[in-house]
Each structure stands twice: as C-alpha cells, then as structure tokens.
4 protein chains.
Amino acid sequence: MKKEDRRIHVLECASEVFAKKGYHETSVSDIVERARIARGTFYLYFENKRAIFEELLDQLIEKLDRRIKRINPEDDVARQLKANVRGIIDLFLDNRELTKILVHEAIGLDEGFDKKLAQLNARIRNMVKASLDLGIEMGILRPCNTSITARCIMGSVREVINYLVVEAEPGSHVSGKERDSLVEQLMAFSLFGLSGGSYNELNNKPLW
Amino acid sequence: MKKEDRRIHVLECASEVFAKKGYHETSVSDIVERARIARGTFYLYFENKRAIFEELLDQLIEKLDRRIKRINPEDDVARQLKANVRGIIDLFLDNRELTKILVHEAIGLDEGFDKKLAQLNARIRNMVKASLDLGIEMGILRPCNTSITARCIMGSVREVINYLVVEAEPGSHVSGKERDSLVEQLMAFSLFGLSGGSYNELNNKPLW
Amino acid sequence: MKKEDRRIHVLECASEVFAKKGYHETSVSDIVERARIARGTFYLYFENKRAIFEELLDQLIEKLDRRIKRINPEDDVARQLKANVRGIIDLFLDNRELTKILVHEAIGLDEGFDKKLAQLNARIRNMVKASLDLGIEMGILRPCNTSITARCIMGSVREVINYLVVEAEPGSHVSGKERDSLVEQLMAFSLFGLSGGSYNELNNKPLW
Amino acid sequence: MKKEDRRIHVLECASEVFAKKGYHETSVSDIVERARIARGTFYLYFENKRAIFEELLDQLIEKLDRRIKRINPEDDVARQLKANVRGIIDLFLDNRELTKILVHEAIGLDEGFDKKLAQLNARIRNMVKASLDLGIEMGILRPCNTSITARCIMGSVREVINYLVVEAEPGSHVSGKERDSLVEQLMAFSLFGLSGGSYNELNNKPLW
DNA sequence: TATGAATGAGAATTCATTCAT
DNA sequence: CATGAATGAATTCTCATTCAT
C-alpha cells in the first residue's frame with residue numbers, strides 16, 4: 001500500500017471510530033486496530049490523536065467552504081439560496097460520520113478546536129449577514145438586526161442538519177425529494193416565518 | 001461551613017470549572033482545588049465526576065422546565081410567547097456557567113446524558129409543534145411542516161442563547177433593553193422571517 | 001449504655017462482620033454501621049481496625065487455652081483425650097464466627113498476627129508432643145517421630161474443625177451425637193490409623 | 001528480553017512478593033518494582049493483580065493434579081501411596097513460594113479463589129475417600145466414616161507440608177532422606193495411628 | 001518504513017484515621 | 001463521651017506517546 005493510500009485509509013477508519021464513539025472515548029488503539037496497523041505506524045502518519053481529528057475536521061470545513069457560493073444579487077436570488085442550502089445538506093448527508101463529529105463532538109475539546117469552529121461559523125455567518133445587509137439595502141428584505149437574524153438562520157439550518165445526521169435513523173437514506181422538501185421548509189421559514197407568502201413567487205421583488 | 005452550604009459551594013465551583021475547561025478536561029482534582037477541599041471530601045458529597053455534572057444539569061433543566069409556560073390560545077398569544085422567550089433568555093443569562101455547559105458540553109458525554117438532553121429537547125420541541133399545529137388549525141399561521149418548523153424555531157433560539165452565554169463577553173451584563181431587543185428580533189424572525197410584518201400588530205389575527 | 005457494654009457490643013458486631021466479609025473486606029464503616037455508632041466513637045474504644053481484630057482473636061485463643069487440659073497419665077487417658085477434643089470442638093462450634101476468622105483469615109494479615117498464631121499452634125503442638133513422648137516412654141504408644149506425629153494429629157483436628165465451621169451449613173446445629181461421632185472418628189484415626197483396633201478397649205494398656 | 005520470558009520473569013517476581021508479603025499487602029507497585037518494569041507494562045501482561053495471582057495458583061494446582069496418580073489396587077498399594085505422597089512433597093518443596101501462597105494466603109481472598117481451592121480440596125479428598133472405600137470393601141482397611149477419615153488424612157498431609165514450606169528454615173534444603181522419613185512417618189500415622197504396625201509389612205494384606 | 005513492547009504521567013476512587021464541635 | 005465531616009495517602013488502572021529492533 002502506497003504511503004498516501006495508507007494515510008487515507010487511516011483517516012477513514014479514524015472517522016468511523018470517532019463518529020461512533022466520540023473523540024474522548026476513542027483511543028489510538030481503537031484507530032490502529034480498525035486500520036490494522038501497528039501503534040507506532042500511526043505516529044508515522046499523524047503527530048498525535050488531536051492531529052488526525054483536526055485533519056478530519058479540516059477536510060469537512062474545506063468541503064463546506066467550497067460548497068457555499070456567494071450570492072450574486074443580479075441573478076435569481078431564491079434559486080441561488082436554494083442551491084446553497086441544498087448543497088450544504090447534501091454535503092453533510094454524504095459525510096454523516098464527519099458531520100456527526102462536527103456537530104456533536106468538536107466542541108469543548110480544546111481551545112484550538114473551538115476557535116477553529118468559531119471562525120468557521122463566523123465566516124459563514126458573515127456571508128449570511130452580508131447578504132441580508134445587501135437585501136435590505138436593495139429594499140428586498142425588511143430592515144432588521146442582521147447580526148441576530150443571521151444567527152437565527154444559521155441556527156435553523158444547524159438544527160435541521162443535526163436532525164438529519166444524528167437523530168434520524170443512522171443508516172437511512174434521505175431521498176432527493178425529502179431533501180427538496182427540507183430545503184423548501186427551511187427557506188419558507190426563513191423568508192416568511194410563520195406568516196404567509198411563498199418564496200416561489202419571489203424574483204428579486206420586495207418581500208414587504 | 002454547614003453540610004448543605006458546602007455542597008452548594010462545591011457545586012458552584014464545579015460549575016465554574018466545567019464551564020471553563022469542559023467536562024472531559026475537568027478532573028476531580030480541578031474541582032477540589034478550586035473548592036479548597038480535600039480529595040476525599042468530594043466523594044463525601046458526590047458519587048463521582050459524572051454525578052456532580054448530572055446534578056448541575058438537572059438543576060438547569062428543572063429551572064428551564066419551570067420557566068416555560070404553556071401558551072393559552074384564549075389570551076394574548078404574542079405576549080405569552082414573548083414572556084416565554086424572555087424568561088428563557090433571562091434564565092440562561094442568570095446561569096451562564098451552567099448554560100455554557102448545557103449548550104457546549106453536554107453532548108456526546110455518554111449515552112445517559114445524551115438521552116436526557118434529547119428528551120428535554122423533544123419535550124420543548126413538542127410544545128412548540130403543538131402550538132404551531134394549533135395556530136394553523138385556528139387559521140392564524142400558514143400551513144407548514146410543523147415538525148421541521150419547530151426545529152427551525154428551536155435552532156434560532158438556541159443559537160441566540162449560545163451567542164449570549166458563550167461568544168459575547170464572558171462577564172458582560174446584558175441589559176433589560178438588550179434582552180427586549182433580542183426577543184423582538186427573534187420573534188420577528190420566527191413570525192415573519194425576512195419578509196415584512198410586525199408582531200406588535202398581531203392580536204390573534206391571521207398572519208396571512 | 002455503659003462503657004463496657006458498648007465495648008462488648010462493638011466487639012460482637014465486628015466479629016459478625018469480620019466472619020462474613022473477612023478482615024480485609026471489612027471496613028471500619030461496616031463495623032460502625034452495624035454497631036450504630038459514629039466513626040469517631042469507634043476510635044474511643046479501639047486504637048484501630050487491627051486492634052479490634054486482635055482483641056477478638058485473643059479472646060478465642062484464651063478460651064482455647066483454658067479448654068485444653070493437660071493429660072494426667074495416672075488417670076484414664078482415653079477419656080481425658082476425648083474430653084479435650086470434644087471441648088475444643090464445642091468451643092469452636094459455640095464461636096463459629098470467631099473460629100471462621102481464626103481458621104480462615106488470621107493468616108498472612110501481618111507478621112504480628114502470624115507470630116501470635118504460630119505461637120498458639122506451637123504451644124498446643126508441644127502439649128501433644130509431650131503427651132506422645134510420655135506415652136512412648138510408658139510403652140503405651142509405638143515409638144515414632146513425635147514432632148511430626150504431633151503435627152499430623154493437629155492437622156487432622158484442624159481439618160475437621162474447618163469442615164464444621166466453614167464448609168458445613170453455616171447456621172446448622174451440630175448435635176451432641178454428631179459431635180461424639182466426630183470425636184470417635186478422630187480418635188480412632190489418631191490411635192489406630194486405618195488399621196484395626198478400638199480405643200474403647202484401651203485402658204492405659206499398650207497399643208502395640 | 002522476549003515477551004514470554006518477560007511474562008515468566010514477572011510471574012516469578014510476583015510469586016516472591018506474594019509469598020513474602022501476602023496477597024493483600026502486595027501492591028502492583030511492589031511487583032513492578034521488583035520486576036524492574038514500568039507500571040503500565042504490568043497491565044500489558046496481566047489484567048490486574050487478581051489475574052496474576054490466579055495464574056500462579058492455577059500453575060501450582062495443575063502441577064499438583066498431574067503429580068497425583070490414581071491408586072491401582074491390583075499393584076502394590078503401599079508403594080503407590082508412598083510415591084504419591086513423596087511426589088506431592090517434592091512438588092511443594094520445589095515450589096516453596098507458590099506453596100506458601102497456596103497454604104497460607106489463598107483463603108478468604110475472594111469467592112472465586114475460595115471456590116477454586118475448595119474444589120481442588122474436594123477433588124483430592126474424594127480420591128482419598130474412594131481409596132478408603134475400596135480398601136474397606138476389600139477388607140484391607142477397618143470400617144470407618146471415610147468422609148471424616150479422608151479429611152483427617154488430608155489434614156495430616158497439609159500440616160506437614162505447611163511445616164516444610166512455611167515454618168522450617170526458608171532457604172534450607174530438605175534432603176531426600178529427610179523426605180523419605182517424612183513420608184514414612186506420615187504413612188505410619190495414617191495407617192496405624194499411634195498404635196503399632198509397620199506399613200512395610202503390608203502387601204495388600206488386611207490391616208486388621 | 002513498520003512494528004509493538006515499554007513507558008510513566010495522570011486519572012478516579014477508597015478508607016483508616018483525626019479533630020473541631 | 002459522642003459525633004461525623006474532613007483529610008490525604010495510597011492504590012488501581014488507562015492510554016498517548018516513544019523507541020529499539
């Protein structure tokens with residue numbers, strides 16, 4: 001097995017174990033056992049337990065970063081939003097194991113992790129906030145405290161993601177239709193809250 | 001120091017350490033050091049680390065349960081909602097340390113904790129969902145998937161809480177005005193999303 | 001409760017716990033719980049855990065010492081022997097708890113105990129040996145290595161005692177008849193081994 | 001040092017410490033200190049203190065089982081008995097440390113040990129009893145309560161063994177002649193008790 | 001590169017004993 | 001005398017990491 005292949009193999013195995021047992025409950029022994037390598041070999045590829053975990057998270061963060069497209073206000077905004085949300089959901093469902101870790105575990109591990117996750121959150125949140133600011137400036141969205149509202153949106157998305165990867169049946173497949181429906185509900189809630197309106201009607205026209 | 005006082009003292013110290021270092025990084029030594037008691041004294045009051053943590057959580061959960069009032073659809077719904085949200089925010093801000101633990105830590109610790117928190121979540125979520133179902137039936141709210149929407153609402157609230165107790169300046173005081181504003185924003189978002197409308201106008205009248 | 005009464009009460013409780021759980025498995029907590037006294041009170045009456053155990057053993061050793069009568073060769077030897085053995089068996093059966101400790105536990109506790117028990121053993125063994133020496137000198141017993149033979153006799157007795165207090169049904173009563181039978185068997189074996197003869201016939205007459 | 005060698009080395013060291021300090025007074029620290037290995041290394045080879053002790057005992061029990069040969073009544077019984085007793089004595093003298101543990105310590109440790117030893121005792125005792133029953137049936141031995149008498153015999157043997165490994169000078173060598181003499185005395189006592197007769201004369205001929 | 005035996009710091013927990021009330 | 005809260009030394013066991021082969 002080539003060096004890079006083995007590295008990837010170990011990463012995969014670690015991901016499985018971490019997702020199943022959690023960071024703290026996972027020992028290096030668990031990982032090397034599953035990967036069928038010697039204890040020492042592990043340390044040839046990764047500095048320590050923290051490092052392999054961090055690398056797994058970095059992978060997911062990077063993928064997430066690539067999936068999220070900046071909104072172009074000139075184009076159909078609703079479609080772009082929809083695509084973004086759907087992309088995120090797809091990514092997480094395709095990486096359940098890692099997502100579980102991201103959502104469930106990578107919190108309170110140590111200051112380094114927390115900071116990294118906080119930064120990721122802040123980055124996305126700022127994108128959302130910028131979009132809101134723009135939408136308001138353009139007269140499409142109602143004026144509001146965009147900082148707080150951005151958090152509300154992220155909280156909604158996070159909660160639905162969490163439901164999908166953690167609470168819903170572990171191995172179950174979530175069909176495209178179901179995903180569509182989830183996106184629909186998420187967006188309807190974000191755009192109109194509990195009151196009426198349908199985002200299908202919107203076409204860069206004022207929402208209020 | 002009386003027995004019950006000391007017990008409370010240890011609980012407080014533990015709460016501080018847990019909030020600062022996280023459950024796993026906190027050792028019994030950390031707690032006894034901060035509480036300035038001997039190693040063995042700790043075990044006089046609590047069975048083990050898990051037990052003291054559980055007690056702290058139970059305290060918070062109980063308080064939370066008591067704060068959340070069932071909505072009476074006959075009365076002014078908006079005011080009741082507002083009061084509930086404000087109550088929750090007040091509770092968490094008055095128990096920052098514990099809340100930090102609840103939001104940040106009490107996840108993936110062990111099956112027991114996870115289950116307890118999942119149950120708490122489910123209980124509140126079901127209350128929210130029931131309210132939504134009722135609102136829709138009464139023609140006040142637009143029809144939607146109330147399961148998912150309930151999650152969206154909870155996610156929004158959770159995220160704002162998290163902001164308040166974790167990200168915002170640790171020692172800072174959040175004034176009544178600021179709390180009011182947060183509640184306002186949260187409710188505006190939940191009721192109208194990003195579109196127009198003001199919940200102040202509502203008086204059990206249809207939102208759509 | 002008077003001082004001496006309480007002391008005795010604690011000793012009894014300790015005896016019960018020691019017999020049931022063994023020396024090492026018994027904690028001072030066990031004793032004070034059963035005796036319904038406070039932890040500190042225990043140390044008013046006994047220096048420490050070792051001390052109360054030693055006192056219990058000393059009691060039994062003393063009783064044992066008093067029970068064993070020196071054989072008078074002028075009188076009916078067989079009857080005296082029989083009385084001695086029966087006396088020992090009665091003592092142990094009347095003090096099952098303590099005996100269990102003596103046989104089962106008071107070994108390897110610490111050098112002090114071991115020495116004390118070794119001395120007790122040696123004292124009794126020497127009495128036996130002296131009797132054998134006398135018997136041989138008088139031509140009643142066959143010549144033999146009386147040191148070793150004395151050990152054989154003691155081993156036989158010890159084994160039967162052990163059977164009675166440890167292996168046989170804990171609470172069961174051993175009737176006088178059964179005790180007689182045991183003594184009979186023990187003496188028959190010691191006097192004639194597996195070969196023929198009946199000690200009833202002997203009357204200070206040569207056995208060979 | 002090879003893995004198996006180290007394992008054996010640790011077992012030997014543990015055996016020495018156990019024999020010297022007793023099971024309860026021996027800590028894992030004592031063992032690793034004597035074996036000059038690290039704390040963790042111990043747990044690489046043995047699950048815990050109980051496990052290494054049990055292994056030591058099992059070794060001895062197994063050896064003992066192998067040494068004891070069933071008596072064939074067709075052959076010279078006295079010779080076979082003598083060989084058995086001599087074999088047992090040799091085994092114990094060759095494994096003084098372990099024997100000391102077996103005789104002195106392995107009692108009241110925990111239910112598991114006690115049961116194991118009780119079973120060993122019962123097994124041997126039953127062999128003895130069966131031999132006695134057979135001897136009586138064949139008319140070679142006098143009728144007696146073979147259960148009790150079997151215990152007497154075992155007690156005699158145990159006591160002599162105990163003398164050899166515990167009381168007699170620890171490092172001293174017991175010569176073949178001395179061992180022969182011990183066997184002689186033991187058998188003489190068992191066969192003829194304190195009365196006359198010499199087992200040398202017997203040749204499957206009636207003892208009474 | 002790969003191995004896996006060895007390490008030892010550190011964690012949780014117990015319990016005999018003390019001492020202030 | 002009696003109490004029982006407090007102590008802290010001692011013990012067992014784990015596991016991330018190192019290093020000789």
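Here is how names work: the chains are called A, B, and so on, in the same order as the sequence lines, proteins then strands, and each is numbered from 1.
- With rounding to the nearest 0.5 angstrom, the CZ atom of A/Arg34 is 10.0 Å from the OG1 atom of A/Thr26.
- Using a 4.0 Å cut-off between charged side-chain N and carboxylate O, B/Arg7 and B/Glu55 make a salt bridge.
- A/Asp94 has no carboxylate O lying under 4.0 Å from a charged side-chain N of A/Lys63, or vice versa, which leaves the two without a salt bridge.
- In C/Gln59, the CD atom is crowded: over 12 heavy atoms of neighbouring residues, nucleotides or ligands sit closer than 6.0 Å.
- At least one side-chain nitrogen or oxygen of D/Arg6 sits closer than 4.0 Å to the OP1 or OP2 atom of E/dA6.
- Summarising the geometry, the separation between NZ on B/Lys2 and C1' on E/dT21 is reported as 12 Å, rounded to the nearest angstrom.
- The side-chain tip of C/Lys100 does not point at the ring of C/Phe18 from less than 6.0 angstrom away and within 45° of straight on.
- Among the protein residues, D/Phe46 comes within range of no part of the nucleic acid, since none of its heavy atoms lies under 4.0 Å from any strand.
- With respect to C/Lys20 and C/Glu97, no salt bridge is recorded, no charged nitrogen being found less than 4.0 Å from a carboxylate O.
- Regarding D/Ile37, its CD1 atom lies at a distance of 11 Å from the C1' atom of E/dT7, rounded to whole Å.
- Distance NZ (A/Lys3) to C1' (E/dA2): 12 Å, rounded to an integer number of Å.
- To the nearest angstrom, C1' of E/dA5 lies 14 Å from CZ of D/Arg7.
- Rounded to a whole Å, the CZ atom of B/Arg36 is 16 Å from the C1' atom of F/dA6.
- The partner of E/dG10 is F/dC13, by the rule that a Watson-Crick or G-U pair needs both atom distances under 3.5 Å.
- What separates CG of B/Leu44 from P of F/dG8 is a distance of 14 Å, to the nearest Å.
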Provide a list of protein-nucleic acid N or O atom pairs under 3.5 angstrom, restricted to nucleotides 15-19 of chain E.
residue, atom, partner, partner atom, Å
E/dA16, OP2, C/Val28, N, 2.9
E/dA16, N7, C/Arg39, NH2, 3.4
E/dT17, OP2, C/Tyr43, OH, 3.3
E/dT17, OP2, C/Lys49, N, 3.3
E/dT17, O4, C/Arg39, NE, 3.0
E/dT17, O4, C/Arg39, NH2, 3.3

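- For the pair B/Arg50 and B/Phe113, the cation-pi criterion (under 6.0 Å, within 45° of the ring axis) is fulfilled.
- Across the protein-nucleic acid pair, A/His9 atom NE2 and E/dA2 atom C1' stand 14 Å apart, rounded to whole Å.
- Of the candidate nucleotides F/dT7, E/dT3, F/dG4, F/dT7 has the atom nearest to the side chain of B/Ala38.
- Look at CD on C/Glu4: it is 11 Å from P on F/dC1, rounded to the nearest Å.
- Pairing for F/dT21 is with E/dA2, a Watson-Crick or G-U wobble pair whose two hydrogen-bonding atom distances lie under 3.5 Å.
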